[in-house]
Amino acid sequence: MAGNKNELLPFKVVYQNGYGEYEEKKSRFIASVAPISSEEEAAAFIDSIRKKYYDARHHCTAFIIGRNRELTRCSDDGEPSGTAGKPILEVLLGAEVTNVVAVVTRYFGGTLLGTGGLVRAYTQAAKEGLQNAGIGIMRYKTEMTIEIDYTDVGKVQYLLGNRKIDISQSRYTEKVEFDIRIPKEEEKSVEKALTEATAARARIHITGEDYYMDIEE
């Protein structure tokens, strides 16, 4: 159960692992991005990428943890200071995501890129990886079961459809039950609308509340 109102604000995360690649003067930059929830998970993912690309010269990293992005870390892993870890971190911060780790692995192509070239390459690779990971929005939602008579099914389905509220589960027995999830701030207005649409016949049960992910289009 969330506490004060600020804790109910939505926040962005990546919803799956994503990979991207960028090439500059024969140097390959391979980005690996993943959702995480702790420093330990970040370290484990970074270690797995080091093992996967064990023959690469650099594995530059950045991660962010916390609903308000309280913890940020980045590493240049041997690249000139500020040319790798910070650009990767800036990509993540710019997308406003959290609970995310990014590793950009570099295979040296034989030509020095200079600081500007490195910043551009690490930035571009990180953007590719993040785009392929996909961004979701975590919203605090109320879980609700609506119990109605068969005569009110059409009215309730129409109301929910108008509000773009999906029915996650339906049960048809002596009565009809619809399970839905709605943003916490819409709870009272949805209850009021259901009551009015069914002349107070709908029985509404709050079954829980938590953060759930909506995928960004």
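- Note that CG of Leu9 and CE of Met138 are 13.5 Å apart. Values are rounded to the nearest 0.5 Å.
- Judged by the 6.0 Å distance and 45° axis criteria, Lys52 is positioned over the aromatic ring of Tyr19.
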Step by step, would you call Met213 with Val13 a side-chain contact (heavy atoms from CB on, under 4.5 Å)? CA-CA 9 Å; Met213 187 186 297; Val13 296; 3.6 Å; yes

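- Applying the side chain to side chain donor-acceptor pair (under 3.5 Å) rule to Arg181 yields no partners; only residues at least two apart in sequence or on another chain are considered.
- In terms of the side chain to side chain donor-acceptor pair (under 3.5 Å) criterion, residue partners of Arg171 (sequence neighbours excluded) are, by chain and number, Glu177, Asp179.
- Under a hydrophobic clustering in which Ile, Leu, Val, Met, Phe, Trp and Tyr are joined whenever their side-chain heavy atoms come within less than 4.5 Å, directly or via other members, Ile135 and Leu93 fall into the same cluster.
- The shortest heavy-atom contact between Arg163 and Ala193 is NH2-CB, 3.9 Å.
- Glu143 and Thr207 are not linked by any side-chain donor-acceptor pair at a separation below 3.5 angstrom, with hydrogens and angles left out of the test.
- In this structure, CZ on Arg203 lies 12.0 Å from CD1 on Ile146, to the nearest 0.5 angstrom.
- Cluster annotation: Ile36 and Val103 are assigned to the same hydrophobic cluster (Ile/Leu/Val/Met/Phe/Trp/Tyr, side-chain heavy-atom contacts under 4.5 Å, transitive).
- Scanning both residues, Ala133 and Val33, for their nearest heavy atoms gives CB-CG1, 4.1 Å.
- For Tyr150, the OH atom is densely surrounded, since the number of other residues' heavy atoms within 6.0 Å is greater than 12.
- Not a single salt bridge (charged side-chain N to carboxylate O under 4.0 Å, His left out) links Glu185 to another residue, sequence neighbours left out.
- Side chain to side chain, Tyr22 and Glu24 meet the donor-acceptor criterion of an N or O pair below 3.5 Å.
- Residue pairs satisfying the ring pair (Phe, Tyr, Trp, His ring centres under 6.0 Å) criterion with at least one member in residues 56-109, sequence neighbours excluded, are absent.
- Placement of Tyr172 and Met144 within a single hydrophobic cluster is found when ILVMFWY residues are connected by side-chain heavy-atom separations under 4.5 Å, directly or transitively.
- A distance-only check finds no donor-acceptor pair linking the side chain of Arg139 to the backbone of Ile137 [under 3.5 Å].
- Around atom CD of Gln131, no more than 12 heavy atoms belonging to other residues, nucleotides or ligands sit under 6.0 Å away.
- Taking every heavy atom of both residues into account, Tyr53 and Ser32 meet most closely at CE1-OG, 4.2 Å.
- Legend: residues meeting ring pair (Phe, Tyr, Trp, His ring centres under 6.0 Å) with Phe178, ordered by chain and number and at least two apart, are absent.
- For Glu196, the salt bridge (charged side-chain N to carboxylate O under 4.0 Å, His left out) test picks out Lys192, with sequence neighbours left out.
- Between Tyr15 and Pro35 there is no side-chain heavy-atom pair separated by less than 4.5 Å.
- Between the OG1 atom of Thr83 and the CG atom of Leu118 there is a distance of 4.5 Å, given to the nearest 0.5 Å.
- The side-chain heavy atoms of Phe45 and Asn17, taken from C-beta on, include a pair separated by under 4.5 Å.
- By the rule that hydrophobic residues join a cluster once side-chain heavy atoms approach within less than 4.5 Å of another member, Ile206 and Ile180 end up as members of one cluster.
- Under a hydrophobic clustering in which Ile, Leu, Val, Met, Phe, Trp and Tyr are joined whenever their side-chain heavy atoms come within less than 4.5 Å, directly or via other members, Ile148 and Leu159 fall into the same cluster.
- Inter-residue side-chain proximity for Lys141 and Asp214 is flagged as met; some heavy-atom pair is nearer than 4.5 Å.
- Atom OH of Tyr158 is surrounded by 12 or fewer heavy atoms from other residues, nucleotides or ligands within 6.0 Å.
- In this structure, the salt bridge (charged side-chain N to carboxylate O under 4.0 Å, His left out) partners of Lys51, at least two apart in sequence or on a different chain, are Asp47.
- Pairs of residues two or more places apart, or lying in two chains, never qualify as salt bridge (Lys or Arg N to Asp or Glu O under 4.0 Å) while including a residue from residues 122-132.
- Listed by first and then second residue, the side-chain hydrogen bond (donor to acceptor under 3.5 Å, both in side chains) pairs involving residues 95-104 amount to none (not counting sequence neighbours).
- The shortest non-hydrogen separation linking Leu71 to Arg73 is CD1-NH1, 3.0 Å.
- Counting only residues at least two apart or on different chains, the salt bridge (Lys or Arg N to Asp or Glu O under 4.0 Å) pairs with a member in residues 78-88 are Glu79-Arg106, Lys86-Glu90.
- Screening residues 33-43 for salt bridge (Lys or Arg N to Asp or Glu O under 4.0 Å) gives no qualifying pairs among residues at least two apart or on separate chains.
- The residues Glu209 and Lys184 are annotated as salt-bridged, a charged nitrogen and a carboxylate oxygen being separated by less than 4.0 angstrom.
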Given the rule in the salt bridge (charged side-chain N to carboxylate O under 4.0 Å, His left out) test, do Asp149 and Lys175 qualify, once you have shown the distances and angles that lead to the verdict? CA-CA 5 Å; Asp149 298 323; Lys175 301 281 187 179; 2.5 Å; yes

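- The distance from atom CG of Asp152 to atom CD of Gln157, rounded to the nearest 0.5 Å, is 11.0 Å.
- Rounding to the nearest 0.5 Å gives a distance of 13.5 Å between CD of Glu147 and CZ of Arg201.
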Kindly determine whether Arg50 and Asp77 satisfy side-chain contact (heavy atoms from CB on, under 4.5 Å), including the steps that lead there. CA-CA 11 Å; Arg50 287 183 180 280; Asp77 193 39; 3.4 Å; yes

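- Atom-to-atom distance recorded for Ile88:CD1 and Leu130:CG is 11.5 Å, nearest 0.5 angstrom.
- Contact detail for Ile64 and Leu89: the closest heavy-atom pair is CG1-CD1, 3.7 Å.
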Ile46 vs Val101, test: side-chain contact (heavy atoms from CB on, under 4.5 Å). Steps then yes/no. CA-CA 8 Å; Ile46 291 166; Val101 59; 4.0 Å; yes

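- When the salt bridge (charged side-chain N to carboxylate O under 4.0 Å, His left out) test is applied to Lys25, no partner is found at least two apart in sequence or on another chain.
- Proximity of Val156 to Leu194: side-chain heavy atoms (C-beta onward) are separated by under 4.5 Å at one or more points.
- When every heavy atom of Asp76 is checked against every heavy atom of Gly85, the shortest pair comes out as OD1-N, 2.8 Å.
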